[in-house]
Amino acid sequence: MSEWRKLPLSLTELCIDTTLRCGQSFRWQKINDEWNCVLHGRLLSLKQDESFLHYKVAWPKSSPTSRKSAVSPKEMGDVDIQQGDDTEALIRHYFSLKHDLAALYDQWSESDTNFKKKAPKFTGIRILSQDAWETLVAFICSSNNNISRISQMVHKLCLHYGPLIGHIGDEAFHDFPSPQALTGKKVEAHLRELGFGYRAKYIAETALIVSNTKPEGWLESLTNPENPGWAPVSIPVRDEPITYKKAHEELLLLTGVGPKVADCVCLMGLGWNEAVPVDTHVWQIAQRDYRFGKTKTKTFSKAMYDSVGDHFRQIWGPQAGWAQSVLFTANLKSFSEKAGAVSKSVDIKVEVKAETESEPSFIVRHSRKRRTTAIVEQVKVENDEHSDVKITGRKRRKTRR
DNA sequence: GCCGCACCTAATCA
DNA sequence: ATGATTAGGTGCG
């Protein structure tokens with residue numbers, strides 16, 4: 001393993017402790033004070049202080065034969081002499097360091113008072129630029145699931161199907177398996193045994209589709225050209241230039257990929273910064289803090305999904321996905337000061353809005369020209385979350401009914 | 001297009 | 001203690 005190297009970086013620009021735990025990547029392991037993960041064929045260790053990100057690398061002794069595409073021959077060839085340079089570039093790419101995070105926080109705070117209020121306690125949260133295939137599979141695992149179990153599942157995928165890269169102590173570290181590695185006949189049954197549940201089928205089928213029915217580099221061809229990926233893959237030429245909408249749409253054709261998973265892949269794996277994955281948490285945030293009302297129906301329709309994303313893109317602009325991840329993290333139980341310290345929102349009564357309030361309501365437009373169903377009504381919320389009541393003492397509790 | 005339901009699993013809640 | 005609910009949803013009818 002190389003010696004420690006360092007990169008000047010403030011905690012405001014990047015906080016790895018938050019960014020690596022907030023449900024973007026499920027593969028980093030914290031051992032003592034160091035974060036470890038295999039990235040593009042090498043074992044990377046990170047630690048951070050106020051002014052620097054420290055890193056070191058370990059390459060496998062013999063090149064892994066199981067995954068040629070993971071590491072280019074060129075990289076493997078001269079790692080001995082220039083691994084340091086290459087790895088710094090990888091880190092800058094992985095953490096999307098080309099974007100000025102402080103400037104973005106300022107911008108979002110200016111256009112959104114709720115963001116301005118929540119963000120100061122959650123600085124340094126960035127969107128990672130992860131491998132598209134890994135992001136796709138990890139988020140197929142995420143449906144109806146929690147971070148802890150998703151992490152276990154992803155770990156099992158690497159352990160059983162990914163190339164071994166190195167050890168830390170007696171712990172083995174594997175890279176993420178290629179699509180081809182997951183196309184075996186017994187993969188679905190095996191994954192079920194490993195506790196993947198109904199997601200076993202989604203993963204096996206998606207691996208088959210990507211590996212056998214799509215041209216080489218198809219997934220990568222959905223990448224935002226402004227934010228190219230790391231791995232040097234040759235990308236098939238497209239008829240039309242790729243757009244966020246098009247990438248999203250193509251991902252939906254895969255098994256186990258709905259709008260939410262597609263947006264996770266767009267945002268964290270394909271460089272589409274405007275993608276806003278709307279999950280149960282983000283829906284809660286939209287209802288509690290952005291005047292989306294409660295709905296009569298139990299399930300969340302595609303129209304509602306699009307409506308929430310569009311609203312946030314309107315407020316936060318072309319990097320809406322980045323802003324979303326900050327509020328998302330602020331809303332995660334595991335990140336609130338103490339479990340239960342987060343006040344619950346007041347129960348909102350929703351009646352179909354009778355009065356024409358000054359506030360616009362959210363209207364869902366059908367794909368054609370008719371504006372029809374008002375699915376999401378704005379609602380008057382007296383949200384003391386937003387009031388200027390100051391509570392200095394201990395946990396505050398909201399009024400319950 | 002919308003809606004409700006089943007789906008694997010494990011932890012947490014009432 | 002045990003059933004319901006929740007956890008970063010999706011496919012199907």
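So that the names make sense, note that chain A is the first sequence line, chain B the second, and so on, each numbered from 1.
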Which value, in whole Å, describes the distance between the [atom1] atoms of nucleotides [N] and [M]?
| N | M | atom1 | result |
| --- | --- | --- | --- |
| B:dC2 | C:dG8 | P | 26 Å |
| B:dG4 | C:dT5 | P | 16 Å |
| C:dG11 | B:dA10 | P | 23 Å |
| C:dA1 | B:dA11 | C1' | 16 Å |

[X] has an atom [atom1]; how far is it from atom [atom2] of [N], in whole Å?
| X | N | atom1 | atom2 | answer |
| --- | --- | --- | --- | --- |
| A:Asn144 | C:dT6 | CG | P | 11 Å |
| A:Lys302 | C:dG11 | NZ | C1' | 15 Å |
| A:Leu194 | B:dC8 | CG | P | 15 Å |
| A:Ile140 | B:dC8 | CD1 | P | 16 Å |
| A:Lys298 | C:dT10 | NZ | C1' | 16 Å |
| A:Met153 | B:dC7 | CE | C1' | 13 Å |
| A:Tyr305 | B:dC3 | OH | P | 18 Å |
| A:Asn145 | B:dC7 | CG | P | 17 Å |

### Query
With respect to the phosphate group of B:dG4, does any side-chain polar atom (N or O) of A:Thr299 fall under 4.0 Å of OP1 or OP2?
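It does, given that an N or O in the side chain of A:Thr299 lies less than 4.0 Å from OP1 or OP2 of B:dG4.
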From [options], nucleotide with atom closest to [X] side chain:
| X | options | result |
| --- | --- | --- |
| A:Tyr198 | C:dT10, C:dG8, B:dC8 | B:dC8 |
| A:Arg149 | B:dC8, C:dG8, C:dG11 | B:dC8 |
| A:Ala303 | C:dG11, B:dC2, B:dC7 | B:dC2 |
| A:Ser301 | C:dG8, B:dC7, B:dC2 | B:dC2 |

### Task
Mind telling me whether A:Trp108 and A:Phe115 have parallel, tilted or perpendicular rings, with 30° and 60° as the class edges?
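Plane angle over 60°, so perpendicular.
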### Task
Using the six-membered ring wherever Trp is involved, compare the ring planes of A:Trp272 and A:Tyr244 and label them parallel, tilted or perpendicular (cut-offs 30° and 60°).
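Tilted, since the angle between the ring planes falls between 30° and 60°.
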With heavy atoms under 4.0 Å as the rule, sort [X] into base, sugar-phosphate or nothing.
| X | answer |
| --- | --- |
| A:Arg199 | base |
| A:Cys22 | base |
| A:Ile147 | base |
| A:Gln24 | base |
| A:Phe300 | nothing |

### Counterpart base for C:dG8, defined by Watson-Crick or G-U wobble contacts under 3.5 Å
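Base partner found: none.
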### Message
Under a 3.5 Å cut-off for both contacts, is B:dC3 paired Watson-Crick or G-U wobble with anything, and if yes, with which nucleotide?
### Response
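In the structure as shown, B:dC3 has C:dG13 as its Watson-Crick or wobble partner.
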### Task
Kindly state which residues belonging to residues 251-269 of chain A come within less than 4.0 angstrom of DNA chain C, counting heavy atoms of the residue only, listed by number.
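The answer is A:Leu254, A:Thr255, A:Gly256, A:Val257, A:Gly258, A:Pro259, A:Lys260, A:Val261, A:Cys264, A:Met268.
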### Side-chain donor-acceptor contact under 3.5 Å, A:Ser96 with A:Ser129
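Yes.
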### Query
Checking side-chain contact (heavy atoms from CB on, under 4.5 Å) for the pair A:Phe196/A:His190: CA distance, chi angles, key distance, verdict?
CA-CA 9 Å; A:Phe196 282 63; A:His190 184 214; over 6 Å; no
### Message
The test is side-chain contact (heavy atoms from CB on, under 4.5 Å); show your working for A:Ile31 and A:Glu34 and say whether it passes.
### Response
CA-CA 5 Å; A:Ile31 302 178; A:Glu34 300 170 15; 5.6 Å; no
### Query
Do NZ/NE/NH1/NH2 and the carboxylate oxygens of A:Arg238 and A:Glu250 come within less than 4.0 Å?
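Result for this pair is yes, salt bridge flagged.
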### Task
Salt-bridge test for A:Asp310 and A:Arg313: reply yes if a basic N is under 4.0 Å from a carboxylate O, no otherwise.
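Salt bridge flag = yes for A:Arg313 with A:Asp310.
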### Query
Under a 4.5 Å cut-off applied to non-hydrogen side-chain atoms, are A:Arg27 and A:Asp175 in contact?
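With C-beta onward as the side chain, the pair touches.
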#### Entry: NZ/A:Lys302: more than 12 non-hydrogen atoms of other groups inside 6.0 Å
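Yes, because the 6.0 Å sphere around NZ of A:Lys302 holds more than 12 heavy atoms from other groups.
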